[in-house]
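Proteins get letters first, then strands, A, B, ... in listed order; numbering begins at 1 in each.
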Amino acid sequence: DAGVTQSPTHLIKTRGQQVTLRCSPKSGHDTVSWYQQALGQGPQFIFQYYEEEERQRGNFPDRFSGHQFPNYSSELNVNALLLGDSALYLCASSFAPRNSPLHFGNGTRLTVT
Amino acid sequence: KQEVTQIPAALSVPEGENLVLNCSFTDSAIYNLQWFRQDPGKGLTSLLLIQSSQREQTSGRLNASLDKSSGRSTLYIAASQPGDSATYLCAVRGGGNYGQNFVFGPGTRLSVLP
């Protein structure tokens, strides 16, 4: 049973560029959430997708956008990259009910130079 | 706004010791609380999920308790091993609208010395 998979593992971009990160949820899961984790800190919620719609959003600017596909996989897009966007980006999946646990992938390490 | 803190920030213990990690949250209107471990540079591994109606959950050497009214949870690790060395994070999911996101604490970095 495949868990949550994310690609790519590492990414180096230049300030001002755009980036797309990808996530496949754990088998049977229909809800995908994205988190940003800066070094030494806990993950910060970016947004959540269910039924191909953004259901909730954290305190992140519009430069951060996403998409969920009919097969429940998801993409995170970041435009006009800033140095401060350098972080570990984590994807988590779950069943829609709130009493189900989150399962995380290994993340994408984004470095902006 | 929900805020989650974890004490201590770092902990170093000799192998075999029992230990307790603490998590506190400011808004007691939570739906559930989940404990994770994170190895350096890796994603989060789910350890235990406690629903708001539960007092504790156990998995092997791990036991997590929840006191919602006081805004506290503890993770008890019995007979610690060097392989337990990692950062442990707690996260709370609020009540209210569907799909409320988890709010994470900063984590406790645990080192178990052989």
task: Taking atom types as modelled, find out whether A:Thr31 and A:Ser94 have a side-chain donor-acceptor pair closer than 3.5 angstrom.
output: no
Under 4.5 Å to a heavy atom of chain B? For A:Tyr35 that would be side chain
Among B:Arg109, B:Lys42, B:Gln34, B:Gln6, the residue with the most heavy-atom pairs under 4.5 Å to chain A is B:Gln34
Judged by modelled atom types alone, do B:Gln57 and B:Ser59 share a side-chain donor-acceptor pair under 3.5 Å? no
So, the part of A:Gln37 with a heavy atom under 4.5 Å from chain B: the answer is side chain
Tested for side-chain hydrogen bond (donor to acceptor under 3.5 Å, both in side chains) against A:Asp85, the lone hit among A:Arg63, A:Lys13, A:Arg15 is A:Arg63
If one checks every heavy atom of A:Leu39 against chain B at 4.5 Å, the contacting part turns out to be neither
Okay, B:Leu89 and chain A: the region with an atom under 4.5 Å from a heavy atom over there is side chain
- Query: With under 30° as parallel and over 60° as perpendicular, where do the rings of A:Phe47 and A:Tyr49 fit, or are they tilted in between?
  - Reply: perpendicular
B:Thr74 and B:Asn22 side chains, donor-acceptor separation under 3.5 Å
no
